[in-house]
Amino acid sequence: MKKVDILLGLQWGDEGKGKVVDVLTPEYDVVTRFQGGPNAGHTLEFDGKKYVLRSIPSGIFQGGKINVIGNGVVLDPVLFKEEAVSLAADGIDILERLYISKKAHLIMPTHRILDAANESAKGTGKIGTTGKGIGPTYTDKVSRNGLRVGDLLHDFDSKYAAAKLRHENMLRAMNYGYNIAESEREWFGALEYLKKFHLIDSEHVINEFMLDDKRVLAEGAQGTMLDIDFGSYPYVTSSNTISAGCCSGLGVAPRNIGDVFGIFKAYCTRVGEGPFPTELKDETGELLCSRGHEYGSVTGRKRRCGWIDLVALRYAIMINGVTKLIMMKGDVLDTLETIKACVAYNIDGNEVDKFPFEVAETKVEPVYVELDGWQTDMTAMKSEDEFPEEFNYYLSFLEAELGVPIVIVSVGPDREQTIKLKD
C-alpha cells in the first residue's frame, strides 16, 4: 500500500506550490487538494503561457493523471466553472480527469455577501479577507448548516432555500443591503455544469488508490502561518493548512502519510493584514516586490515583503513534520550585496528562538544574521554545479538552521527553471 505525500507552504502563502506540484506530478498517479477555496491561487508558467488555478489541483496539466478536489475544500461553482472552461478550451480533458468529493462544501452567493458584511462591520479591525465567502462557508460547515456538493443529488432545492433564508435573516439583522438575483442565476447555471463531473465518495476512492499502489500527492493551499489553529491568529484563514489537514481533508489515516514537502521562499511575503516581524518598508522591500512580481494571483493585491524568518520557518517545519524542503525564488535575491536572515526574536529584552503566542510588531524585534549576496544572475542555470559559492553557503546555512535537507531550488517562474539537488 502506497502512502500519501504532502506538499504545502511553510510561510504566509504564495510560496510557489502550484509550480512545484506541476514539476513533481510526473512521479505521481493522483494529485489532490485537501483544504481551502478560491481565495488561494496557484500560478504555473510553461510553454510561454501563464495559468492560475484556484480550486483545481495543479496536476491537471500532466496527461493521464487523476485530480481530486477533496472534502476539506470549499467550492464556488461559478469560479470553478470559469476555471474549468478555460482549461477545457486549452485542450485539457478535464471532465475525465477531475473528481470532486461529495463532501466538499459549496460557497453560496449569500456567503460572499456575508463575507463583505462581516468585514465592513469590523471597521479598522478587519482581517483582510479576499471576499470570496470562504470564512462564512467554513462557519456554516462547523455550525452544521452547510450545503455540500453531494446535496445536489439529495433534495437540493429545499436545503438551499433553508440555507439562503438563514443567511438573509443574518444580513437583515446587520442592516446590510444587497442584490442577489443576478449572481444567483449565474450560480445555479454553474451548478448544472458541476454536475457533469465525477462526484465521488472521495475518502473511499483515495484509500482504494493507495491500496492499488497508486502514488498520491496532496497539494495544500495558502501557508502554514495562516493555519486556523497555529497561524498568526486572528489574521489567518478558515481551514487547517498544515499536514494534519490532509488527514481530515481527504480521509487519510495519519499512519498513511509519507513524505512532507515544505515549500518556502528565499525571503518572506504576506498579503493582507496581520503581523510580519521581518517586513521591510524600505527600498529593499520594494526591490523584492518588484523582482519577485509579488502581487496576488487571484486578488492582484500587492504583497508585503521582508527577510526570511527562520523562527517561523522552524515552527512550521516542526508542526508539519517536514521531511524535505523546496526553496523558491532564490533568483529574486540575485542583485543584493547583503542578505539577512532572522534567527531569533527579541521580546521585551529577551532573545527567543521559538515562535510565540503573539507576534505583534510592537513587541517583536527580529535578530538578524547577515550573509554575503551572490550578485549573479541565476535564472539561466540548469544545474547546482553552476551555483555561486555564496548561494551554496546560503543553502548550507539554511539547512543547518532548519535541520531538514533542501532537495529542490527554483531560479525562475517557468517549470524548466527548477533544479533538483544531488543527494
Side-chain angles (χ1 to χ4, degrees), residues 33 35-41 52-56 69-89 94-95 98 100-122 126-127 129-199 221 237-239 298-300:
R33 280 279 300 269
Q35 50 75 221
N39 55 335
V52 178
L53 299 180
R54 295 172 292 199
S55 299
I56 296 171
I69 296 176
N71 60 275
V73 173
V74 292
L75 194 65
D76 184 322
V78 174
L79 296 179
F80 169 79
K81 180 181 178 182
E82 290 176 5
E83 191 174 328
V85 167
S86 176
L87 292 173
I94 193 164
L95 282 171
L98 181 64
I100 303 171
S101 174
K102 292 179 185 176
K103 290 186 171 70
H105 279 245
L106 292 168
I107 301 174
M108 298 169 53
T110 42
H111 280 134
R112 298 185 71 150
I113 298 168
L114 280 168
D115 204 351
N118 289 333
E119 275 289 89
S120 177
K122 288 187 175 98
K126 64 181 180 178
I127 301 298
T129 76
T130 60
K132 304 291 184 186
I134 310 297
T137 306
Y138 275 114
T139 298
D140 274 0
K141 175 179 179 176
V142 173
S143 65
R144 302 178 296 280
N145 290 294
L147 198 63
R148 301 184 292 176
V149 169
D151 289 326
L152 290 169
L153 312 175
H154 301 278
D155 193 22
F156 182 78
D157 289 344
S158 64
K159 291 177 181 178
Y160 174 78
K164 177 185 174 184
L165 178 61
R166 180 173 171 271
H167 293 165
E168 289 179 326
N169 287 336
M170 294 166 66
L171 290 164
R172 193 174 297 112
M174 298 171 74
N175 196 29
Y176 191 84
Y178 64 95
N179 187 334
I180 197 177
E182 185 175 344
S183 60
E184 193 174 42
R185 280 194 299 272
E186 187 179 21
W187 192 78
F188 273 101
L191 286 180
E192 293 304 311
Y193 179 77
L194 183 63
K195 290 178 185 177
K196 298 178 181 179
F197 287 82
H198 301 281
L199 307 183
T237 192
S238 304
S239 60
V298 171
T299 64

### Query
Once you round to the nearest 0.5 Å, how far does CH2 of Trp187 lie from CD1 of Ile107?
10.5 Å

### Message
In the structure I gave you, are the side-chain heavy atoms of Tyr178 and Glu168 within less than 4.5 Å of one another anywhere?
### Response
yes

### Query
How many angstroms lie between atom NZ of Lys159 and atom CG of Leu106, to the nearest 0.5 angstrom?
11.0 Å

### Message
For the CG atom of Asp151 and the NE2 atom of His105, what is their distance to the nearest 0.5 Å?
### Response
8.5 Å

### Query
With the threshold set at 4.0 Å, does a side-chain nitrogen-carboxylate oxygen contact exist between Glu192 and Lys195?
yes

### Query
Hey, mind stepping through Thr139 and His111 against side chain to side chain contact (heavy atoms under 4.5 Å, CB included) and telling me if it holds?
CA-CA 10 Å; Thr139 298; His111 280 134; over 6 Å; no

### Task
Answer yes or no: is there a side-chain heavy-atom contact under 4.5 Å between Leu194 and Leu191?
yes

### Task
Determine the minimum heavy-atom distance between Ala104 and Gly70, stating which atoms define it.
CB-O, 3.7 Å

### Query
Taking the side chain as C-beta and beyond, is there a heavy-atom pair between Leu153 and Lys102 under 4.5 Å?
yes

### Taking every non-hydrogen atom, the tightest pair across Gly133 and Thr137
O-OG1, 2.6 Å

### Query
Can you name the closest pair of heavy atoms from Tyr138 and Ser238 and give their distance?
CD1-CB, 3.4 Å

### Query
Looking at OG of Ser55 and CD of Glu82, how far apart are the two atoms once the value is rounded to the nearest 0.5 Å?
10.5 Å

### Message
For Ile94 versus Ala88, what's the shortest heavy-atom pair and its separation?
### Response
CG2-CB, 4.2 Å

### Query
Got more than 12 heavy atoms from elsewhere within 6.0 Å of CG, Asp155?
yes

### Message
Rounded to the nearest 0.5 Å, what separates atom CG in Leu147 from atom CG in Leu152?
### Response
7.5 Å

### Query
So Lys141 and Val74, side chain to side chain contact (heavy atoms under 4.5 Å, CB included) or not? Walk me through it.
CA-CA 9 Å; Lys141 175 179 179 176; Val74 292; 5.5 Å; no

### Task
Nearest 0.5 Å please: distance from the CD1 atom of Ile113 over to the CD1 atom of Ile180.
4.5 Å

### Message
So Ile69 and Phe197, do their side chains get closer than 4.5 Å, heavy atoms only?
### Response
no

### Query
Do side-chain atoms of Tyr193 reach the backbone of Val78 as a donor and acceptor pair under 3.5 angstrom?
no

#### Entry: Criterion side chain to side chain donor-acceptor pair (under 3.5 Å) against Thr110, the qualifying member of His167, Glu184, Arg166
His167

### Query
Can we say Arg54 and Asp76 salt-bridge, meaning some charged N sits less than 4.0 Å from an Asp/Glu carboxylate O?
no

### Summary
Nearest heavy-atom approach of Asn118 to Met174 is OD1-CE, 3.4 Å

